[in-house]
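As structure tokens, the structure follows; a few thoughts come after it.
Every heavy atom of this structure was used, including side-chain atoms; hydrogens, water molecules and symmetry mates were not. Naming convention: chains lettered A, B, ... in sequence-line order (proteins, then strands); numbering from 1 in each chain.
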Amino acid sequence: MNSVFSGRKKDTFFLLLFLFSIPLILLIILPLGKMVTGPDLVDLARTIKDPQVISALFRSIYTSLAAVLISFVFGTPLAYLLARKSFKGKKIIEGIIDLPIMIPHPVIGIAILGLAARNTIIGQFLQTMGIQIMGTHTGIIAVLTFVGLPFYINTAKAGFEAVPLRLEHVSRSLGARPWQTFYRVTLPLAWRNMVLGMIMCLARAISEFGAVVIVAYHPMTAPVLIYERFTAYGLKYSQPVAVWLIFVSLFLFVLMRFFAREKTS
Amino acid sequence: MNSVFSGRKKDTFFLLLFLFSIPLILLIILPLGKMVTGPDLVDLARTIKDPQVISALFRSIYTSLAAVLISFVFGTPLAYLLARKSFKGKKIIEGIIDLPIMIPHPVIGIAILGLAARNTIIGQFLQTMGIQIMGTHTGIIAVLTFVGLPFYINTAKAGFEAVPLRLEHVSRSLGARPWQTFYRVTLPLAWRNMVLGMIMCLARAISEFGAVVIVAYHPMTAPVLIYERFTAYGLKYSQPVAVWLIFVSLFLFVLMRFFAREKTS
Amino acid sequence: MLKVSNFHLNLPEFSLKNINLEIKKGEFFALIGPTGSGKSLLLEAIMGIIPSNSDKNRGKIYLHDRDITSLPPEARGLGIVYQDSALFPHLTALQNITFGLKYHKVNMDKARKQLDFLVQKLGIGHLLDRYPPTLSGGEKQRVALARVLILNPQAILLDEPLSALDPAFQEEIRELLKSLHQELKITFVMVSHNFPEVLYLAGSGAIIHQGKIVQQGKIQHIFHHPNSCFVANFVGIKNVFPARINANKAFTNGVEIKLSPESGRQNHNYLSIRPEEIILLSPDRARDNSVDNVFTGYITGISCQGFYFNVFVDVQGVKFQAIWSQKDMADQGLNQGSKVTIGFRSKAVHTFRDKG
Amino acid sequence: MLKVSNFHLNLPEFSLKNINLEIKKGEFFALIGPTGSGKSLLLEAIMGIIPSNSDKNRGKIYLHDRDITSLPPEARGLGIVYQDSALFPHLTALQNITFGLKYHKVNMDKARKQLDFLVQKLGIGHLLDRYPPTLSGGEKQRVALARVLILNPQAILLDEPLSALDPAFQEEIRELLKSLHQELKITFVMVSHNFPEVLYLAGSGAIIHQGKIVQQGKIQHIFHHPNSCFVANFVGIKNVFPARINANKAFTNGVEIKLSPESGRQNHNYLSIRPEEIILLSPDRARDNSVDNVFTGYITGISCQGFYFNVFVDVQGVKFQAIWSQKDMADQGLNQGSKVTIGFRSKAVHTFRDKG
């Protein structure tokens, strides 16, 4: 940390700034650090052999991956459209994309459940299609897509915006049609942001609890299982599961930082 | 929406992109739209007179505001430091700041509770200071600060980065010391982003459920109350409270879009 | 060959108004104007790159009598080179150059020969495997030119191709453009705000000001015969004076200037003389018969411009500006305040009408 | 007055090496070099703006014998003007100008007088209430100059003050800098890569190349007597030839060139002649006695540069480049391939040693 102040004798201003910001850094690392180092290895080993834990972790991972896939397939065109075109109502669409970040989590769950209520047109349509929301993987995936989506779209959009429009124009002038231009110029230059966006979407989906618990207490995702263990058995018994989920999250997180760093260098 | 395609005859590519992105937009607006229009006005009016609802809404608002205040006071120096200085370990600090976005919400609650456990140094220190985490406003505020912090710091940091370094150098060359430069040049040019960051922090804090419910089921914040009504009385009884919370969130959201738009114009 | 007819383009904050241009095959045509005059916008409109917030009514653009107004850029058969080269950063120089080949029906043998020729002509053989961020400004422009040339477009549009380069590279790329034009007879349309550069490269051109074409024709003609004070100042005619014109004489601030016999001057109210046309006469040559306007004045200012001097001479209150060499000045030992005899041919005096 | 002594600065990707400069009070000093030579970095180092990733060992900088090496920028008593003006966008022009006053112990009456003087001198009275984004490039630079001048700094540093401006504004601000320097005797240190601009404004200067000072002295001297091929090319001496030098004669490619009597040429291996020194001789003046090097050759290229021509003349395989006026060329009816007699004074031939 010393090198913050190298090269200058009188950088007291930045030293003060740094001292002032220590409490927040502690607020983040102390609880997490303590928790990860809390449970002993025996507890951790026993926990990961628990079939309920394994199935909850895997359920979290694959429902989240499904949400990422949906966001990628349907979100990429939207992100590109928002990055490249100006049109009436664009601000409104951007607003809609950001909405899920603002909505309280249990409210999201209630809203999505409400959609499937039998006394509505959509609910009846879903029913005739045989689609159940309450207590199903479909419901979990819908909720996770809802919360993860803005992260993918906004990050991918920033990636597309960072590709100079001029390069696309030049590609067109060299004979490439719009989709050829997208594939040969835009995509290779923006893919890093797209991957970054997918990881952020995945991380956000894996961490969701409040919306999922409304839509599906069972089958249990990892955050729901942690909550259940906490309410049923107390702090000590929920920690080992929490640590395992943190490991998964941290792995995603390291991936994300890796991509974010590569991009700036 | 027509003007997406004006000025060009053959913009089929962008038309296709738009059609493809409709499902996601529907995924967001259908559930929310349905929920907001679901409960009748009588229900809504009765709900807002319920003392439990009022106190939960106000509790959510003021604990969130407290989290914003803490983020502002301690986060501003850190955001400025990160925007302006390069030093060893900077990537690590940036990583730590982003951690709360990645950590599953119940895990956050468990981690913060774990910090106050009596058999630890920090726990004993907190106890002698008379600070309780479990079931107190202090605990709620700690949790909300934890989750809201990255939104403020990252947005404020982007604002500071957008102020040309050269302007600060010129200010210094004209005789202003670093803090005078910060106050007269950097702050006036970055305040809009700082306000935007505070609103995002506030929105994130108000929407938090999973971490809060672990640290404090009582006293109830609005999302916890919604969850309780849902589990105790079902979907129909939780909806009016959810709609009121959405109104509060939407108000913040409109504020945020307003500031975000002003910034770009 | 390339014809723009009654072209309009309205953007929220700017518009091109009633543009008419006709560019001949093999010509080096320049669109000249100050920053913000709309010249790059016009160039992109010719290429088919129209901002999406523009309106629809916009005249016609023809290429070889084919109406290309509503064709997308990829179907126009034109090429464009930008000042910043706009190379694809994720592709090597070679991949950049061959980028467009697959979208054109080209014989691969022919393309390979063309590639070899261009690589040699542009001197980029050693760069082919490198990525654009590792290239210098001049190298980037060479690659960008190769990328366009290999497709044999019907015309190449150049958007200030020299302005982002260091002076040494500017000269290098300028020579290259000159030789490409002379040897390959390519039609070039160049946007520029640098008059010396235009004068060196272009044969004809148009001056754009605030979205309108204010003068067009042969470059040399524009350079010597501006039709407004704006153009006169823009092309660097330092001596622009309001004048009362009476047959073959002009009066500016009481000074009588002889004009060459020419008709159609009835409404003219300005005269202009290029500074290099004003020559320093030695007292003994004061009656040089080729120079029919001779005046005596005093030097009020001298500024060294490298290898020549800008000299300001006051003749009865009219401030002439001349460009003289170091040698001229030294021969007569001239300084600020010196009395000098200056002269210019009546043919060097141009008159025009400016409404402003 | 301003002295830089053994100054080093190491950044991860670039370094300034062993910089020594001495700038006298009231001088207009230029730091000249191509893009990326480190000239702006040096200027900012003098101002006290050191990138935080630089090392610590870095020689000394003195202002009036006061060691300012480790003072922060606000304590140095210097002012800086950047090419992009760097006006505070949230403050009016007037608020920008008076920004620094409160940090300096100034008598308010004196400051008000100074402000009135500057507003009048710089012609910015009508701009004072406007915000920077609404000002033109030239207006911005005037305000930026006023903002610095009102504090009476001991020297003003200029970072390419003209390079971001349109040509017309360039001339305007250049004249303004000239007159500020002449009238107010301010010490200026200007960074530039534009040699004509430097020649017009600066009295002395230093050429920087790859973080090192390669030549310094009077601008006119550098301009005519480069000490390396790099400097010779940079200052636009088109005729730089490797040569074998033998007392007062030089041989380049077999052509014998007379040199003026001068000592210390033993190791020299290059000669240079400025293109404007090479004059066109009419056949009857071929024995002009001031011109002692006379050659006959053929014109191999002519390029029009506006009001003058670059002419390439081949003399027994040596390619001379000359700058001649339109009149010179027309008088003899010269064209590509014409046979011409050229000459230059032995005093115009400069020799130097280049290790490269």
Side-chain H-bond candidate by donor/acceptor type, D:N194 with D:E160, under 3.5 Å:
no

Hey, can you tell me if B:F182 and B:F160 have their rings parallel, tilted or perpendicular (30° and 60° cut-offs)?
tilted

Counting heavy-atom pairs closer than 4.5 Å to chain D, which one of B:P188, B:A176, B:S173 comes out on top?
B:A176

Lys NZ or Arg CZ of B:R184 over D:F99 ring: under 6.0 Å, within 45°
yes

Whether over 12 other heavy atoms sit under 6.0 Å from D:R130 CZ
yes

For D:I80, is it the side chain, the backbone, both or neither that has a heavy atom under 4.5 Å from a heavy atom of chain B?
both

Sort D:L87 into side chain, backbone, both or neither according to what part of it lies under 4.5 angstrom from a heavy atom of chain B.
backbone

So, the part of B:T181 with a heavy atom under 4.5 Å from chain D: the answer is neither

Select one option (side chain, backbone, both, neither) describing which atoms of B:L167 are under 4.5 Å from chain D's heavy atoms.
both

Please report the closest heavy-atom contact between D:H90 and B:L189, naming both atoms and the distance.
ND1-CD2, 3.5 Å

